[in-house]
Chemist: 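Here you go, one structure.
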Amino acid sequence: MLAAVAEDPMAKPDTTEIAGRIERLRREIDEHNYRYFVLDDPAVPDAEYDRLVGELEKLEAAHPQLVTPDSPTQRVGAKPAAGFETVAHDIPMLSLGNAFSAEEVREFDRRIRDVLDREENCYVAEPKLDGVAISLRYEDGRLAAGVTRGDGRTGEEVTSNVRTIRSVPLKLRGPGIPGRLEVRGEIFMTRSGFAALNRRLEKAGQKTFVNPRNAASGSLRQLDPGLTADRPLRFFCYGAATSDGLPDTHMAILERLKEMGIPVSPEVRRLTGVDALLEYHADILSRRDGLDYDIDGVVYKLDDLDQQREMGFVSRAPRWAIAHKFPAQEELTTLREIQVQVGRTGALTPVARLEPVFVGGVTVTNATLHNIDEIRRKDVREGDQVIVRRAGDVIPEVVRALHERRRKELPEWNMPAECPECGSRVVREADQAAHRCTGGLVCPAQRKRALEHFASRNAMDIEGLGTRLIDQLVQADLVASPADLYRLDAETLAGLERMAEKSASNLVAAIAASREVPLGRLLFALGIPEVGEVSANQLARHFGSLEGLARATSEELEAVPDIGPIMAGKIHAFFREPHNRAVVEDLQAVGVQWQAPEDAGGGDDRLAGNTYVLTGSLSSMPRSEAKAALEARGAKVTGSVSKKTTAVIAGDDPGSKLEKARELGVEVLDETGLAELLGED
Ligand code: IVH
């Protein structure tokens with residue numbers, strides 16, 4: 001009966017039945033929202049959710065008299081007539097004192113212990129979300145108003161925009177909802193949502209946002225709620241304005257709010273004693289880059305509300321709470337000069353030389369500017385004040401220049417017409433972002449980077465042969481091609497600056513030890529354009545010999561799993577180039593020997609098509625060996641977990657990848673599972 005209603009709402013004139021269906025759909029959709037945003041445990045795929053919303057929309061369109069303001073379809077309403085109204089907060093929105101060191105946190109805890117005369121305090125620790133603070137007023141369980149923090153006393157009424165945010169419930173759940181409830185929290189944009197939004201804006205030729213916080217703030221302050229509805233905003237609550245009708249500890253309040261359907265960060269913890277707080281800080285800091293939203297620290301709050309009252313306030317910040325900040329990931333500094341770096345393939349990368357600045361926990365003096373388009377788009381010039389960002393292990397980058405601070409007109413910067421390293425002509429192919437040096441291996445910079453790659457850990461793995469030494473060797477004309485490395489002797493090396501005899505002989509030994517190498521590694525080491533480790537191993541398995549690979553036609557190359565026409569073309573061209581063949585022959589001449597994989601020539605393909613991620617330490621073998629063993633059986637091994645991952649193999653002390661796997665419902669295997677996969681049980 002009801003299915004017929006769903007398919008053709010007009011065919012069913014009985015409105016009580018339809019009203020019932022509408023009510024059930026609303027309840028079901030609200031329940032899915034709750035599971036998705038509050039419990040972080042979605043029950044149905046997005047498509048099913050969209051289908052339910054679609055059905056409800058159809059029914060409501062056919063029966064407009066049944067539409068109610070708290071229906072999940074009614075998130076986008078009318079525009080406010082003229083801008084946003086400024087309204088006063090009944091209860092001011094406070095700010096927090098900051099701590100930047102463990103010592104300052106200990107001091108905060110000590111002060112509270114002194115005032116309360118206690119041995120140890122109970123706290124709630126929460127992430128400090130980097131978004132826009134908001135106060136949401138619920139009247140009789142229904143969302144009545146959303147007001148930004150503003151200056152803490154008055155803010156802007158953005159209710160119609162807040163209503164469009166799906167994680168903000170329009171109606172609270174369950175019994176015992178207080179008549180009036182004011183919850184406070186942060187509206188933010190996920191990093192993935194931010195990246196997607198900026199891609200969309202860029203495509204449409206519109207101005208992009210500099211970071212997720214600005215994007216959240218800009219989106220929330222759109223005058224057209226339809227535009228806000230289109231933006232990937234989220235909400236987490238971190239408290240209530242008053243505890244009227246709520247429990248008497250902060251943690252219990254958050255739990256109660258969660259029951260009512262209000263999302264609370266899953267990272268919130270109740271902790272005892274200051275050491276536990278510092279551990280929490282260290283833990284979240286270590287996972288900061290893995291979270292999908294920006295946080296700029298953590299917040300500690302005394303759990304017991306009576307104790308909070310006893311501590312009171314200083315000016316506008318509570319003495320019972322503090323923000324323990326993380327090192328800033330963005331800082332302001334001066335761009336002294338733009339220089340270009342020449343990479344292994346001749347690509348020229350403009351690099352900003354900066355006034356040293358402490359950012360992301362280290363002192364940064366260089367930052368990448370990517371390419372000339374990026375420099376033009378951001379209009380970055382030598383002498384500019386710039387914002388530098390360093391997040392986690394990512395290479396520092398110049399986010400933007402503060403044009404308003406330019407005191408005088410600065411000249412535009414241009415790519416050099418000649419390679420700064422070898423003087424060869426610089427060209428830019430029509431469809432490419434990068435400029436390239438045409439010097440090939442004549443260019444010392446390309447030669448250096450190619451040698452560096454050749455010696456690197458996942459290639460020939462020559463220990464002790466790093467960037468500095470390679471630069472010295474090329475500069476001194478001791479090494480021009482990879483084979484030259486095998487001709488070096490300890491005496492020559494010991495003649496180099498800052499090279500002790502012992503290190504010289506160690507290096508010669510390390511180079512000699514690399515003479516015997518698995519074919520896949522050698523292929524990777526050669527630096528064939530486009531060929532990464534995985535493809536190199538696949539090629540080694542497929543062809544079993546370097547000669548076979550060098551002879552292969554583009555069609556034969558394309559027959560290898562995962563090798564497309566572009567890579568096939570590059571490999572083919574590489575081996576047609578006489579000087580590349582000479583490099584290989586020369587390596588053979590100095591005694592480099594490669595071994596074909598055991599199962600080469602179309603052997604074991606049992607795991608073909610499967611993708612695995614390794615995390616944590618394995619007791620039976622190093623991770624690199626497990627990776628090689630899986631690849632030898634045709635599997636792909638990648639570094640990050642996605643829905644496409646077949647399974648995550650977790651050893652001891654697994655990292656966030658394990659959590660991610662659980663989140664996505666990806667299978668998790670232990671070492672026994674790995675042994676079974678490899679057929680070694
Ligand atoms: S509590 C009385 N908790 O930080 C305490 N604030 O300076 C009032 N913020 O803009 C704030 N995450 O929006 C609190 N877990 C959290 C927070 C948090 C972010 C923001 C807040 C305000 C600023 C406080």
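Heads up: numbering here begins at 1 and tracks the sequence. Start at 1 and go down the list; that is how both ligands and their atoms are numbered. All values below were derived from every heavy atom in this structure, side-chain atoms included, with hydrogens, water molecules and symmetry-related copies excluded.
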Chemist: Can you check whether L96 has an N/O within less than 3.5 Å of an N/O in ligand 1?
Modeler: yes

Chemist: Taking the minimum heavy-atom distance to atom 17 (C) of ligand 1, which of Y238, W320, F236, Y300 ranks first?
Modeler: Y238

Chemist: Identify the two heavy atoms, one from T228 and one from L220, that lie closest to each other, and give their separation to 0.1 Å.
Modeler: CG2-CA, 4.3 Å

Chemist: Can R26 and E60 be counted as an ion pair, charged N to O under 4.0 angstrom?
Modeler: yes

Chemist: Are F236 and F188, when compared by the centres of their aromatic rings, separated by less than 6.0 Å?
Modeler: yes

Chemist: Could you verify whether a donor N or O on one side chain and an acceptor N or O on the other, from D304 and T249, lie under 3.5 Å apart?
Modeler: no

Chemist: For atom 15 (N) of ligand 1, what is the nearest protein heavy atom, given as residue, atom name and distance?
Modeler: E126 OE1, 2.7 Å

Chemist: In the protein, which heavy atom is nearest to atom 2 (C) of ligand 1, and how far is it?
Modeler: P318 CG, 3.5 Å

Chemist: Atoms of ligand 1 less than 4.0 Å from A133 heavy atoms?
Modeler: 10 (O), 13 (O)

Chemist: Does at least one non-hydrogen atom of S265 fall below 4.0 angstrom from an atom of ligand 1?
Modeler: no

Chemist: Does ligand 1 have a heavy atom under 4.0 Å from the side chain of V299, from its backbone, from both, or from neither?
Modeler: side chain

Chemist: Heavy atom of G239 under 4.0 Å from ligand 1?
Modeler: no

Chemist: If hydrogens are left out, which of E267, K301, H250, R184 has an atom nearest to atom 1 (S) of ligand 1, that is, the closest non-hydrogen atom?
Modeler: K301

Chemist: May I ask you to list the atoms of ligand 1 that are less than 4.0 angstrom from any heavy atom of P127?
Modeler: 12 (N), 15 (N)

Chemist: Is R406 salt-bridged to E404, cutoff N-O under 4.0 Å?
Modeler: no

Chemist: Within 45° of the six-membered ring axis of Y34 and under 6.0 Å from that ring's centre, is NZ or CZ of R173 located there?
Modeler: yes

Chemist: Would you kindly specify which portion of A323 sits under 4.0 Å from ligand 1, judged on non-hydrogen atoms: side chain, backbone, both or neither?
Modeler: neither

Chemist: Please determine if E103 and R110 form a salt bridge, counting it only when a charged side-chain N lies under 4.0 Å from a carboxylate O.
Modeler: yes

Chemist: Kindly say whether the aromatic ring centers of F326 and H281 come within a distance under 6.0 Å.
Modeler: yes

Chemist: Is a salt bridge present between D294 and R191, judged by a nitrogen-to-oxygen distance below 4.0 Å?
Modeler: yes

Chemist: I'd like to check which ligand 1 atoms, numbered from 1 as shown, lie under 4.0 Å from a non-hydrogen atom of S95.
Modeler: 7 (O)

Chemist: Going through the distances and angles, do R106 and D275 end up as a salt bridge (Lys or Arg N to Asp or Glu O under 4.0 Å)?
Modeler: CA-CA 9 Å; R106 289 190 187 283; D275 290 328; 3.0 Å; yes

Chemist: Of E186, R149, K128, which has the heavy atom at the shortest distance from atom 13 (O) of ligand 1?
Modeler: E186

Chemist: Is there at least one pair of N or O atoms, one from L129 and one from ligand 1, spaced under 3.5 Å apart?
Modeler: yes

Chemist: So which protein heavy atom does atom 8 (C) of ligand 1 come closest to, and at what separation?
Modeler: L94 O, 4.0 Å

